[in-house]
Amino acid sequence: MAAPQGYVTPELLDAATDRKHRSYFSAVLGCSLGQFRARVPMETMVLDPRWLPRLRASGLLPLARLVEGERPRFSYDFSLLAALVDRWRPETHTLHLTVGEMAPTLQDVSYLLGLPLRGDAMGPTDVGQGWRDDLLDRFGRVQRRSTAQAYREFAPTHTGGPPKWWILQFKADDIRVGATEYEVARHLEAYVLWLMGWAMFCSSAGSFVPKHLLPFARYVADGPLEAIPQFSWGSAVLAATYRGLCTSCLKSSGAEPIFGGCPLLLQLWVHERFQIGRPVIVHSPYEAYIVDDVDGPTMGSLWCDRRFAYAHVQTRKSYPDFVGQFDVLRDDEVRWEPYSVEAVGSRAPEGLSPLCVRDAEYWRTRSPLVFDIYVEEHAVHRVLRQLDCRASDPSTATRAPVRANDVFTRQGQSVGQLWAPRLAEFVAKWTTALDHVVLEGRPHDDAAWGHFLRWYLPRTRVRVLSTPQELPRRTPSVTDSYRTQRDQGASLTHDVVRQIHAEALSYSRSSLTMAPQQHKAAYDKIVELCKRVSRSLSCRNDDVGFPPQQPMFRAPAPTPPPPGPVPLYAQTTPMTYPPLGTQYGTHAGSLSRPPPYYQDAFVAGTSSRPAPYYQDSFAAGTSRPRPLEWDMTLAQRQTIATELATLHTVHQE
């Protein structure tokens, strides 16, 4: 699609890249874009205690704790991630926002995920064509629990890597009693494959884990415990996330809306930095965490271990709303320093995992980040304010040219292509990462930052919503009606009602075979969903969603009358009538009405009405007696009707 006449590409953007960017289609051409989905784990995995020594030695234990099966499954918001992808620029490897440039950095990886940065870069591995036979031979000898489903091998057609369903056959719950060390190692290898394929390095291949990750899983499971190879897991996760952002921001069609990398890192980063899309959780300090030389909570444990809630004024899973909120983002709505000493101390009084701060010297490195065949720039010099440092001079903030020879792809390559020699240069550069550190000791200065923004904002695109230059003019018609739009509460209610329907349908199908505890759990869940409906339709919290009910007042039971005939309508005094010609409500301020005939015996000055005749003997807490009319004959009813008609005639005279 051609650019509008007179359009000029902003200075910090590359023209060829910008023509394929999502923000160009949205802001310049006025196209409506959709959100993404990602290959995230739809299940949780329990950790076996026999795995912990190797996970601790390899540096993967803090991340494994975040996605452990005993915790609630993390709730991803792909609408929020899509709104962030729209602002990612491959030219600078940063997010272009109204408040300046920002990006997830190695500091965020350390604090949020607790992954080590020290170690060898995770470059490409050349796996031979016999990888499937070798894998099935090693796992085919594993005996699992007798209650596990029958073992199945995957077909030779899976050339990309082992499928997910095959990996899930070796969960911790399937380890048999008395398993050998070899069998425990195979279950650990399968777990590491799941962790890398669906938590650390998500890709468009959601049904299998890439085969080039097989050697890394085997290093963890079979390497000597005292000498397990050390890898820079953190830099690899950030490189994969950068590549996912660079690829996704150029996807404008709905045919390939897949986000790769580490969605967990990106969403934790958004929750820590911005108010937009942030759920309501309990911000009490961490408790009952084990902290040792590796194990311990991270700053991301707050969002992974506690259940999310959303107030009625919050937006959840609404891509257009998130886009609009990022377009008007203010500086005071950003947490520039979420990892200060005060913030860490208030969240984790007992301390974080030592891996969160062990490799702090790597946070400012400019060395390229490597994962497999991906080589990504770590543009920390452009986001120094996130490290409480003074922003770079505008003259040094120009975009770095995109190096085409550093962008590798497996598409169109032969099956036996060797990648390790081609990327050996970049893998070796990571060993000297500490030699390429940004040296900036000056603290953040608002005046210098304002000077940078005045230079930066006119040279890029920070708003994604389309704003036409001239509003279309037309003659209004009498048949025009106002535009109707579902409000946010109705949208949330629609989603919750669908969940209630699904829960009720599931409960009705299995109610006959459920235990009492399961019945109670099902009812509790439906009650909680109903409270969510109340919150979405009301401006109040769930505890005041409805007016509080007052205790019911019961008047003391009157003294039963003496035995004898019951007078008509329980009247014990003769009827009295007002003088003829009396007017009611004719003078100013009069609000009175003529009292009905059955109130003639009403005592003036009292605030309680006498009980009807059938309530004379009604006692509190007893069942209501039958009215006398139910036991009357037809002749008795006719007599009463005649007397009433006579009284009405006398009253009118």
By side-chain contact (heavy atoms from CB on, under 4.5 Å) - contacts of Ser301 (at least two apart) | Leu66, Tyr286, Tyr289, Pro297, Thr298, Asp305
Do NZ/NE/NH1/NH2 and the carboxylate oxygens of Asp435 and Lys429 come within less than 4.0 Å?
-> no
Would you say the side-chain atoms of Gln267 pair up with the backbone N or O of Ser75, donor to acceptor, closer than 3.5 Å?
-> yes
Hey, are His96 and Thr460 close enough side-chain-wise for a donor-acceptor pair under 3.5 Å?
-> yes
Test: Arg218 and Glu189 ion pair at under 4.0 Å | no
Hey, are Glu43 and Lys164 close enough for a salt bridge, meaning a charged N less than 4.0 Å from a carboxylate O?
-> yes
Hey, could you give me the CD/CG distance between Glu350 and Leu352, rounded to the nearest 0.5 Å?
-> 11.0 Å
Step by step, work out the salt bridge (Lys or Arg N to Asp or Glu O under 4.0 Å) result for Lys171 and Asp173.
-> CA-CA 5 Å; Lys171 297 185 294 185; Asp173 298 335; 5.2 Å; no
Indicate, with yes or no, if the rings of Trp269 and Tyr111 have centres closer together than 6.0 Å.
-> no
Heavy-atom pair of closest approach, residues Asp372 and Leu423 | O-CD2, 3.6 Å
Quick one: pull up CG in Leu213 and OG in Ser203 and give me the separation to the nearest 0.5 Å.
-> 8.5 Å
Asp332 with Arg330: basic N within carboxylate O range, under 4.0 Å = yes
When the ring centroid of Trp430 is compared with that of Phe426, is the distance short of 6.0 Å?
-> no
Work out which heavy atom in Gly59 is nearest to a heavy atom in Leu115; give both atom names and the distance.
-> O-CD2, 4.0 Å
Counting only heavy atoms not in Gln230, do more than 12 fall under 6.0 Å of its CD?
-> yes
Smallest heavy-atom separation, Val370 atom then Gly123 atom, equals CG1-CA, 4.1 Å
CZ/Arg89 to CG/Leu245 distance, rounded to the nearest 0.5 angstrom?
-> 12.5 Å
Contacts of type side-chain contact (heavy atoms from CB on, under 4.5 Å), residue Ser353, not counting sequence neighbours | Pro62, Leu355, Cys356
Write down the atom of His436, the atom of Ser367, and the distance for their closest heavy-atom approach.
-> CD2-OG, 3.5 Å
How about Leu112 and Trp303: do any of their side-chain heavy atoms sit closer than 4.5 Å?
-> no
Given Glu272 and Arg335, is the salt bridge (Lys or Arg N to Asp or Glu O under 4.0 Å) satisfied, shown in steps?
-> CA-CA 7 Å; Glu272 287 289 344; Arg335 292 186 67 209; 3.0 Å; yes
Are the side chain of Thr125 and the backbone of His212 linked by a donor-acceptor contact shorter than 3.5 Å?
-> yes
Assess the pair Tyr242 and Trp88: is the distance between their ring centroids shorter than 6.0 Å?
-> yes
Can you tell me if OH on Tyr219 sees more than 12 non-hydrogen neighbours from other groups inside 6.0 Å?
-> no
Salt bridge (Lys or Arg N to Asp or Glu O under 4.0 Å) between Asp331 and Arg385: does it pass, once the steps are laid out?
-> CA-CA 12 Å; Asp331 189 89; Arg385 186 179 179 183; 2.7 Å; yes
Is Arg463 reaching over with its side chain to a backbone N or O of Ala27, donor-acceptor style, under 3.5 angstrom?
-> no
Apply side chain to side chain contact (heavy atoms under 4.5 Å, CB included) to Ile281 and Arg307, showing your working.
-> CA-CA 7 Å; Ile281 60 173; Arg307 295 190 179 276; over 6 Å; no
Rounded to the nearest 0.5 Å, what separation is found between the CD atom of Glu342 and the CZ atom of Arg347?
-> 13.5 Å
Once the angle between the rings of Phe371 and Phe201 is folded into 0 to 90°, is it parallel (under 30°), tilted (30 to 60°) or perpendicular (over 60°)?
-> parallel
Excluding sequence neighbours, so at least two apart, what forms side-chain contact (heavy atoms from CB on, under 4.5 Å) with Asp388?
-> Glu337, His444
Point-to-point distance, once rounded to the nearest 0.5 Å, from CZ of Arg65 to CG of Leu55 | 9.0 Å
Check step by step if side-chain hydrogen bond (donor to acceptor under 3.5 Å, both in side chains) holds for Tyr319 and Asp77.
-> CA-CA 10 Å; Tyr319 170 72; Asp77 194 337; over 6 Å; no
Test side chain to side chain contact (heavy atoms under 4.5 Å, CB included) applied to Arg461 and Asp18, step by step = CA-CA 10 Å; Arg461 181 186 303 120; Asp18 187 49; 2.8 Å; yes
Considering all heavy atoms, the nearest Ala199-Cys262 contact = O-SG, 3.2 Å
Please round to the nearest 0.5 Å and tell me the distance separating atom CD of Glu68 and atom CG of Leu63.
-> 11.5 Å
Would you say the side-chain atoms of Asp108 pair up with the backbone N or O of Thr105, donor to acceptor, closer than 3.5 Å?
-> yes
Is a side-chain donor or acceptor of Ser232 paired with a backbone partner of Arg118 at a separation under 3.5 angstrom?
-> no
Qualifying residue, where the test is side chain to side chain contact (heavy atoms under 4.5 Å, CB included) with Val462 and the options are Leu95, Thr98, Val99 = Thr98
Please list, chain by chain and in numerical order, all residues satisfying ring-ring contact (aromatic ring centres under 6.0 Å, His included) with Tyr191, sequence neighbours excluded.
-> Trp51, Trp194
Between the side chains of Ser110 and Trp363, does any donor sit under 3.5 Å from an acceptor?
-> yes
With sequence neighbours excluded, tell me which residues meet side-chain contact (heavy atoms from CB on, under 4.5 Å) with Asp292.
-> Arg56, Val294, Asp295
Side chain to side chain contact (heavy atoms under 4.5 Å, CB included) between Leu265 and Met200, intermediate numbers included = CA-CA 9 Å; Leu265 168 65; Met200 299 170 64; over 6 Å; no
With a 4.5 Å limit on heavy-atom distance, are the side chains of Val464 and Phe25 in contact?
-> no
For Asp327, all residues meeting side chain to side chain donor-acceptor pair (under 3.5 Å), sequence neighbours excluded = Arg87
Donor-acceptor contact present, side-chain His21 to main-chain Ser23, <3.5 Å | yes
Using 4.0 Å as the upper bound for N to carboxylate O, is an ion pair formed by Glu376 and Arg366?
-> no
Sub-3.5 Å donor-acceptor pair from the side chain of Thr365 to the main-chain atoms of Ala433, do we have one?
-> yes
Between Leu106 and Ser235, is a side chain to side chain contact (heavy atoms under 4.5 Å, CB included) present by the stated rule, with each step listed?
-> CA-CA 7 Å; Leu106 293 175; Ser235 64; 4.2 Å; yes
Here the pair of heavy atoms bringing Pro53 nearest to Pro49 is CD-O, 3.8 Å
When the ring planes of Trp449 and Trp336 are compared, do they come out parallel, tilted or perpendicular, using 30° and 60° as the limits?
-> perpendicular
Determine, using ring centers only, whether Phe208 and Trp165 are less than 6.0 Å apart.
-> no
